[in-house]
Number of protein chains: 2
Amino acid sequence: MAETSTLNITQNLTHTLGLAILRGDFVDALPSEAEICERFGVSRSSTREAVKMLSAKGLIRSRPKQGIRIQPERNWNMFDPDVLKWTLVSKPTLNLLREFFEMRLVTDPQAAALAAQHALPENIVELRKSIDRMRDAESGLDDSLDADIAFVTALFEATHNRFFIQLIEFTSTALRVTSRYSNRMQGVSFSNLATCIAVFDAIVQKQADTAFELVQNMLTQMMETVLADT
Amino acid sequence: MAETSTLNITQNLTHTLGLAILRGDFVDALPSEAEICERFGVSRSSTREAVKMLSAKGLIRSRPKQGIRIQPERNWNMFDPDVLKWTLVSKPTLNLLREFFEMRLVTDPQAAALAAQHALPENIVELRKSIDRMRDAESGLDDSLDADIAFVTALFEATHNRFFIQLIEFTSTALRVTSRYSNRMQGVSFSNLATCIAVFDAIVQKQADTAFELVQNMLTQMMETVLADT
DNA sequence: TTCATGCTATTTATATGACTTTTAAAGTAG
DNA sequence: CTACTTTAAAAGTCATATAAATAGCATGAA
């Protein structure tokens, strides 16, 4: 978690409206600025700032006379951690999980392969640390989810590709939210310690193909478990 | 293009500041709100709204007393079309192109495979239309870049996976910007008409593996051409 | 010294009101 | 029926006042 602070008014309104949009509470437009102010008891400044934030994430668009209209889903920035979180919280369907896995099944094996090619000593250090944490987690000395996320983080950082690195937030947000909301997802990430060690070894030895296949197999198996009774 | 309107003050400031951040004009913090107002001759409302937009994209974070600080690059939402555009415009390096291709080399073949599995009749119609446009483009009756983007769009829509669909904006933004700023990228997308037709056929016949390989080969070849003299 | 506690000044956060610009839709002239 | 004009609704912009958060300093006790 670590989200220390009490959210301020603007942040609060942003989350409330964002979640409401994702939940489908509004058909194709939001109430006018004035009405939002009244309904939520906040000033126009805060309302406008919240609207700007949601615009920046592609959810809405506001224009004079037309009001605040919801954008077609294509424009929603699904890789934005907030948007992803609102999506997962509001519609945690099996279908969404399937789509999420379809994406990871592409990105994660390739991340492992790129890591094997581009990893620097400091990346190896981080990977080793995360493996240690996973080992600790097995004996209850560390949190399993946090350890998994640390491994994914170290793995993706080792690719030295900014687009893959961006996916760290994507993946960890999804893991955190789903693990909190769905029993089905408990412990579903890189929980297999033995395989992770094998991936680590492959990366150290710069065996990209091996790393690729190990991760691919691990995810395929995981996906089958999670989506078993579709 | 089609971006009809003159940008308003807030949008303008957002782009100016966003680009400046990506260009590295600010070390680790932006000037204070008050100073931004003065320097750009805009009101505080507009300044704050622009700041909120950039915060929503993960570029900055503003807190009382601390001011407006630039976030670590990990938090930047690279899949946001604006952020991607600013990145490409400000640092169109060969390395960035490499990273972009590494990503497409993973997503596009898998998109083709998923399209073969999940495409509905309407998706086939759109794919066919885009192929027609590419054919037109060859004889100068249509714009080659637009036709390519139409193909990518139809392809990714056919996956029926919202994360892949999100990548449409990512890919088309990158194609549009790079083709405008770099001669090296001229005509670099799906320009090979014959292969695209083959991909289309594979999708129609639900041959996921074939579609996957065709796209992968096409992109690999394209990548080698573009990154030839690294 | 060293650590905690309270003060202060700076910067963003919030609220309010006035005015401007954009634009969909109604109205009007031809 | 078309093309132009008017109107009014809603967001866009500006200015100002006040509140809240907080980094850094100062003060004082152990």
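Proteins come first, then strands; the chains are lettered A, B, ... in the order of their sequence lines, and each starts at number 1. Bear in mind the structure is a predicted one, so any value in this text is a computation, not a measurement.
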Are Lys52(A) and Glu49(A) within salt-bridge range, i.e. N to O under 4.0 Å?
no
Between Ser62(B) and dA13(C), is there a contact of a side-chain N or O with OP1 or OP2 at under 4.0 Å?
yes
Among the nucleotides dT23(C), dT22(D), dT13(D), which one has an atom lying closest to any side-chain atom of Lys65(A)?
dT23(C)
Measure the distance from CD1 on Ile68(B) to P on dT10(C) and round it to the nearest whole Å.
17 Å
Sorted by chain and residue number, the side-chain contact (heavy atoms from CB on, under 4.5 Å) partners of Leu13(B) (sequence neighbours excluded) come out as Leu17(B), Ile36(B), Phe40(B), Val42(B), Thr47(B), Ala50(B)
Thinking salt bridges, do Arg135(B) and Asp132(B) make one under a 4.0 Å N-O criterion?
yes
Rounded to whole Å, CG of Asn8(B) lies from P of dA10(D) at a distance of 19 Å
Output yes when at least one side-chain N/O atom of Gln66(B) is less than 4.0 Å from OP1 or OP2 of dT11(C), else no.
no
Measure NZ/Lys52(A) against C1'/dA13(C) and give the value in whole Å, please.
18 Å
In this structure, how many angstroms lie between the P atom of dA10(D) and the CZ atom of Arg61(A), rounded?
18 Å
Quick check on side-chain contact (heavy atoms from CB on, under 4.5 Å): which of Ile60(B), Val51(B), Asp25(B), Leu59(B) does Leu30(B) satisfy it with?
Ile60(B)
For Met53(A) and dT14(C), give me the distance from atom CE to atom P, rounded to whole Å.
9 Å
Separation of dC14(D) C1' from Leu13(B) CG (nearest whole Å)
14 Å
Report the distance from atom CD of Glu33(A) to atom C1' of dA9(D), rounded to the nearest whole Å.
12 Å
Going by heavy atoms closer than 4.0 Å, what residues in residues 39-49 of chain A are next to DNA chain D?
Arg44(A), Arg48(A)
Output all residues satisfying ring pair (Phe, Tyr, Trp, His ring centres under 6.0 Å) with His15(B), sequence neighbours left out; order by chain, then residue number.
Trp86(B)
Given atom CZ of Arg69(B) and atom P of dT11(C), what is their separation to the nearest angstrom?
13 Å
Closest approach of Ile68(A) and Pro31(A), non-hydrogen atoms and distance?
CD1-O, 3.7 Å
Are Phe163(B) and Phe170(A) near enough that their ring centres are under 6.0 Å apart?
yes
